[in-house]
Amino acid sequence: MTQIFHHSFNTISRVSIFGAVFMAATLAWVGDRIHRSPYMTQADVVRAQPVPFSHKHHVQGLGLDCRYCHTTVEESAFAGIPPTKTCMTCHSQLFSDADILAPVRESYQSDRSLEWTRVHDLPDFAYFDHSVHLAKGIGCVSCHGRVDEMPLMWRENSLNMDWCLDCHRDPGAHVRPKERVFDMDWFPAERRDDLVEEYEIESLTSCSTCHR
Amino acid sequence: MKFRNSLLTYCGYASTTEANAGSKVRAGLLSLQSGSSAGLLFLLTLLGLSSCRQDMHDQPRYEAFEGSSFFADGRSVRPSIAGTIARGHLNEDKHLHTGRIGSELADSYPFAIDHAVLERGRQRYSIFCTPCHGEAGFGDGMIVERGFRRPPSLHEQRLREAPPGYIFDVITNGFGVMYDYADRIAPKDRWAIAAYIEALQLSQYADLNDAPADWRTRLNTQQETGMGVSK
């Protein structure tokens, strides 16, 4: 009886069985990369806003403190988005007839809120709280990047679970003195494990910390 | 809401058809004739189910400040009905909450002013007031440089003589083109700012003899070595 398969098929079959493992792994890896790519996480994507509000001009240019607008960031889970009145404390006088600010004036006169497009939005099953992070010495810049250099807002980090956990496992690499929390251009020169002790920071990695 | 309801009914619908399909499949296995069509139905239902999930990413509840299509003003944050008082907001202490004693602007603070209060005042002042009034209160802030009306210097004789209740009142109700800051600065912090401004005013007219003894020698040596007075 003649052989159906050529002798070389022995090797080919072995290689392909072996190769399949790699193929599967590569596929999984590519899938994971795509899942974490800015395309999927929408990090680095600049959002259009009803008014082209620039943190670069207002924070870096004018030296405004985050808390002038995001008033509740120290006390509550939610950082707060400024009401139109906050803009009007200055723009009632400055650029008071610029077209670019027409929606702001319109909103102030008609008492209808400006509808900002959300840039950061965790899924509803994850719990996040600003106040605890600030109280334990984590700076805005560690999570939001150089906001003072953003002409329009984008998301600097993926906000994926592994990103949260990277820091929760090793807070010493990210913590800074409390008086530096709002500084955009200050970075600790070295690990501050002394602060982890001083602020009594725990490494919170149990699921119920964030999924409650 | 409407969309969600329809989504839920769709889910409910899909799961009942699945149950039907299940029994049909079993029936189909028994009678070979209807087997292929039941199988097709089963696959179609599965396909339908795969697009049917309760979206846990965006649950049917409002997040802070989320817009609402239900209320006429488009806000999910509801204003409290006139006359309601939130727990802990009875504001019984008129001195603390209005800056007045009787109808007169208060000339005293409603709580003791210590170092911590002044520090808090300094911090709040630099967040909310420096953009216009400047770090030292001369009215030379960044926003003024960009063309905002120049506020009077806080070191004017008139403002140096004004009672702390006056500063509290300006923050609470605004003054001229300056908007009020009542919604952004809590009453206690307004008093802290008033106290800090008083300290600022004092600093511009202070005599060396006003400083405590241990500071006097430090300031003296700094003067001799030509160093500026640091805080």
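Lettering of chains follows the sequences in order, A, B, ..., and the numbering in each one begins at 1. Quick note: numbers below take in every heavy atom, side chains included, and nothing from hydrogens, waters or symmetry partners.
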Less than 3.5 Å apart and able to act as donor and acceptor by atom type: which atom pairs between chain B and chain A qualify?
residue: His57(B); atom: O; partner: Asp124(A); partner atom: N; Å: 2.9
residue: Gln59(B); atom: N; partner: Asp124(A); partner atom: OD2; Å: 2.8
residue: Arg61(B); atom: NH2; partner: Asp124(A); partner atom: O; Å: 2.8
residue: Glu63(B); atom: OE1; partner: Arg118(A); partner atom: NH1; Å: 3.0
residue: Ala72(B); atom: O; partner: Arg112(A); partner atom: NH1; Å: 3.4
residue: Arg75(B); atom: NE; partner: Ser113(A); partner atom: OG; Å: 2.6
residue: Arg75(B); atom: NH2; partner: Asp111(A); partner atom: O; Å: 2.7
residue: Arg75(B); atom: NH2; partner: Asp111(A); partner atom: OD1; Å: 3.4
residue: Arg75(B); atom: NH2; partner: Ser113(A); partner atom: OG; Å: 3.3
residue: Arg124(B); atom: NH2; partner: Glu74(A); partner atom: OE1; Å: 2.9
residue: Asp180(B); atom: OD1; partner: Lys85(A); partner atom: NZ; Å: 3.0
residue: Asp180(B); atom: OD2; partner: Lys85(A); partner atom: NZ; Å: 3.1
residue: Tyr181(B); atom: OH; partner: Tyr68(A); partner atom: OH; Å: 2.9
residue: Arg184(B); atom: NH1; partner: Tyr68(A); partner atom: O; Å: 2.7

Contact part of Ala72(B) toward chain A, heavy-atom cut-off under 4.5 Å: side chain, backbone, both or neither?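 Contact with chain A is through the backbone of Ala72(B) alone.
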How long is the gap from [atom1] on [X] to [atom2] on [Y], to the nearest 0.5 Å?
{"X": "Cys132(B)", "Y": "Ile143(B)", "atom1": "SG", "atom2": "CD1", "value": "6.0 Å"}
{"X": "Cys164(A)", "Y": "Phe128(A)", "atom1": "SG", "atom2": "CZ", "value": "8.0 Å"}
{"X": "Asp169(B)", "Y": "Leu105(B)", "atom1": "CG", "atom2": "CG", "value": "5.5 Å"}
{"X": "Leu159(B)", "Y": "Ile167(B)", "atom1": "CG", "atom2": "CD1", "value": "6.0 Å"}
{"X": "Ile171(B)", "Y": "Trp191(B)", "atom1": "CD1", "atom2": "CH2", "value": "9.5 Å"}
{"X": "Cys140(A)", "Y": "Leu134(A)", "atom1": "SG", "atom2": "CG", "value": "6.0 Å"}

Check: Side chain, backbone, both or neither: which part of Phe125(A) has a heavy atom under 4.5 Å from chain B?
Finding: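 Backbone plus side chain of Phe125(A), per the 4.5 Å heavy-atom cut-off to chain B.
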Interface moiety of Leu64(A) toward chain B, non-hydrogen atoms closer than 4.5 Å
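Just its side chain gets close to chain B.
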Query - Side-chain donor-acceptor contact under 3.5 Å, Tyr166(B) with Glu161(B) - result: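 Distance-only check fails for Tyr166(B) and Glu161(B).
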